Amino acid sequence: MKNKIKYLIKNCLNKKVKTKWFKITNILLLILIVGIINLNSIIKYFGGDFDNGSIIYISGDETNYDIVKSYLKSYLESASLNSYEIEYVTDPNTVKEDLTKNNNILITINSVDTTDIIYKVVSYEEIDALTYQVIQASLEDSKTIIYLGNSDLTTEEKAALISPANIERVYLSDEIDQYSETRETLGAVIVPLFIVPFFMLIVMLIQFIGADINEEKTTRGMEIIISSVPPKVHFFSKIVGSTLFVLLQGILFLGYFGIGLLVKKLIGGSYGVNTTETINNIIEVIRSYGVLDHIGIAIVVIVLLFLLSFLAYALLAGILASMTTSIEDYQQLQAPLMIICVIGYYIAIMASTFEGSIFIKGASYIPFISAMLSPILYLLGQVSIYDMLISLGALIIIVYLLFRYGLRVYKIGILNYSAKDLWKKVFKSIKEK
Amino acid sequence: MLKVEHIKKYYGNFLAVDDLSFSIKEGEIFGLLGVNGAGKTTTFRVILGLLDKNNGTVLLDGKPIDYSVTDKIGFLTEERSLLLKLTVKEQALFYGALKGMEEEVILKRLDNLLTRFNISSYKDRKIKELSKGNQQKVQFIMAILNEPKLLILDEPFSGLDPINAEMFKEVIREYRDRGCMIIFSSHQLEHVEQFCEKIVVLVNGKSVLSGYLKDIKNDYRKKNIRILGDVSQKELENIPGVLKVTKDNLEYLVSIKDINIVSKVFKYVSKCLNILKFEVEEPSLNEIFINVVGESYEK
């Protein structure tokens, strides 16, 4: 019988993996994921109006040109506005005609005296908000530097003036601390990173199991199968085979994500100006909750929560599929399962907004959605490792009950071809040993 | 030996099989007959262990049928039980593995059987691409792939032309000669008549007629007389004990109540001219079946 179990699991997995559609889908997924990660580079590669080289002409007081140019250059770079060139012109009238092309801009510096500088920004049409902000910030900063250069202040005094203000942030409320703002970022990062792939994989799992069982059931092949192996073995092999497939697909997703990042690095893209800073902040926040103190056990619990949740969804989908008589019926019956998953997804998104919510904490103990909520709340410092263990315990109990009682339903359901008195049959089979 | 004793199966309050008993020896073909819904498929499912029975025992060689012996059983379902997306080879590998067979053995037997049924070229074709008759051949091949000791055939001739039906019969006889126990169900009673040594006729899950076909026919009181000659249909019908007279081409087929009526009919026919044939026939299974099932419905 062991060989038959192994064969059935392998068969279930191969039926999904060794198909041309699996290969085609994964090639498409790879292309799409790498593409999404490198969308900036792709957009730039194809060019457009944004890519036409524009010139910022600077005219007027030539002595301050270098200062204005250096600030402008630095701000443009940090805002990734790389299509601009900066050029000095002695006579602004010579470029007036040129301002009608390519969104070129003219800045004139008019030093009235040592106490005031008047800038003029000339363009043919409106300047986009970001570019204008960059120009404004550069001119303000360069003005400060120009005045400082003309002043009698000592070097230390000048350095003190231009150094950033030392601000100590004090929160009077006990509920707010220095990490409050970063916490929101944390929620925004973790939800798409963990929950979206989990949600996608669960949806795949539910659909695969239903299609697989219904295919065998509707062709009466199920009678031949069940006359050769017990329903328990068949059920188990379907659950394990489908869960393994989903895990394999999850690993491939991660691989494609890694390839996407690698490609981004190879083609010279950056991960964003503030990425490293954001990651450091997030780690700092997580550390402040004491999460890193139990990181080993937390990882084990989170992995178990994910695996057992896959198993719970697979068991429930298998039971439902056995009760239906066609794939169309199953598609209707799977809707409540999807909704449970969607509820978990939305509560997870809200977790960082409604900090300390009793409802959300309570929901994190509920099997089927605990894998989406519990890890998020733990990383947000809203539940402890013990709360996660309670969620895990509840999930283990549900998986056990689903296997024990679900198997009874499955045994009756897979050989039932009539929708008449379906629920009566289901409840009756639960009572039967 | 397969021994089915006093099995009962309820679906809720509905009694699908009622105290059914029969036995099949090695090398015997057994016919399980009945109209649609009589309980044939339920009986097959109970024998295979697909359904839990409410009462009775099913023993194969003295042991209850469980998953330790199912590898020795072959089953052909009435409806298609093939996975249409698979190729014939993939299907054989799948069902063969479920019967505990090695891949090498499966492929060797498959090649032999495909050749035997003249469908070797379909080995790598998807089942959904095959005609109904060829799908039935593949389904039959899957049932005998494991060279079963007990072969259950639910309507095996469905969708087959006479040539292919003859091919099936040949293979079934071969398996019988090898000592395979075969349970057979068909609505085409002429097939059953050609094969089965023993039969059970089910009506509403209950056996209304059972035993060796030869004995059943012998014991069956009603007989037929076939007459060729110048006789009057009306006068034949007037003989007491004659149930019905029909004209079959040039011959008259006279159904009589029992064997004692033969002498009365003969007495009349001997007075007639140009008598070329006077033959007493046993009734066909079809006739017995209609009679028994009809009578049982009337009760």
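A quick note: this is a predicted structure, and the numbers were derived from the prediction, not measured. We name chains A, B, ... by the order of the sequence lines, and we start the count at 1 in each one.
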>> Are there over 12 heavy-atom neighbours, none belonging to A:Phe368, within less than 6.0 Å of that residue's CZ?
In response: yes

>> Given heavy-atom pairs under 4.5 angstrom as the criterion, report whether the side chain, backbone, both or neither of A:Leu8 touches chain B.
In response: side chain

> Rounded to the nearest 0.5 Å, how far apart are CG of B:Leu51 and CD1 of A:Ile412?
Replying inline: 8.0 Å

> Are B:Asp52 and A:Lys411 side-chain neighbours, meaning at least one heavy-atom pair lies under 4.5 Å?
Replying inline: yes

> Is it true that A:Arg220 and B:Asp154 make a salt bridge, defined as a side-chain N closer than 4.0 Å to a carboxylate O?
Replying inline: no

> Which heavy-atom pair separates A:Tyr7 from B:Phe94 by the least distance, and what is that distance?
Replying inline: OH-CA, 3.2 Å

>> Strictly below 4.0 Å, N to O, side chains only: are A:Glu223 and B:Arg45 in salt-bridge contact?
In response: yes

> Roughly how far apart are B:Leu50 CG and A:Ile224 CD1, rounded to 0.5 Å?
Replying inline: 8.5 Å

> Can you tell if the side chain of B:Tyr95 reaches within under 4.5 Å of the side chain of A:Ile225, non-hydrogen atoms only?
Replying inline: yes

> Looking only at heavy atoms, what is the nearest atom pair of B:Leu48 and A:Ser227, with distance?
Replying inline: CD2-CB, 4.1 Å

>> Is any side-chain heavy atom of B:Leu98 closer than 4.5 Å to one of A:His234?
In response: no

> Are more than 12 heavy atoms from other residues, nucleotides or ligands located less than 6.0 Å from atom CD of B:Glu103?
Replying inline: no

